[in-house]
Amino acid sequence: MIQLHPRSLLVGLVLGAVALLTMSQSLAPSTATVRVQYMPHPRDMVRLVEGQP
């Protein structure tokens with residue numbers, strides 16, 4: 001039969017709770033939506049006019 005020492009059980013539960021808490025804290029910033037908009041530089045744009053080569 002497996003015996004658990006009360007102090008070991010308490011320390012394990014506390015460490016598990018701390019680990020879960022720190023993991024949940026670290027996920028918060030990564031869920032934020034980041035939008036990156038890119039507009040080409042005017043030198044990179046090409047104007048196409050009908051009838052001109």
Side-chain angles (χ1 to χ4, degrees):
M1 185 171 162
I2 298 175
Q3 292 181 350
L4 292 176
H5 296 271
R7 186 176 290 170
S8 297
L9 180 63
L10 181 64
V11 169
L13 288 175
V14 168
L15 289 177
V18 168
L20 288 176
L21 182 64
T22 56
M23 286 175 23
S24 68
Q25 294 284 334
S26 67
L27 292 178
S30 65
T31 59
T33 304
V34 177
R35 287 188 171 183
V36 177
Q37 294 182 353
Y38 172 74
M39 184 73 179
H41 193 276
R43 288 183 299 189
D44 298 333
M45 295 182 187
V46 177
R47 282 187 56 197
L48 298 177
V49 180
E50 188 175 342
Q52 291 184 354

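Note that these values count all heavy atoms, side chains included, but never hydrogens, waters or copies made by symmetry.
Every side chain to side chain contact (heavy atoms under 4.5 Å, CB included) that Val49 has, sequence neighbours left out, goes to Arg47, Gln52. Every residue two or more places apart in sequence or in another chain that forms a side chain to side chain contact (heavy atoms under 4.5 Å, CB included) with Met39 is listed here: Met45. Take Leu9 and apply the side chain to side chain contact (heavy atoms under 4.5 Å, CB included) test, not counting sequence neighbours, and it matches Leu4, Leu13. Applying the side chain to side chain contact (heavy atoms under 4.5 Å, CB included) rule to His41 yields the partners Arg43, Asp44; only residues at least two apart in sequence or on another chain are considered.
Between the CG atom of Leu15 and the CG atom of Leu20 there is a distance of 11.0 Å, given to the nearest 0.5 Å.
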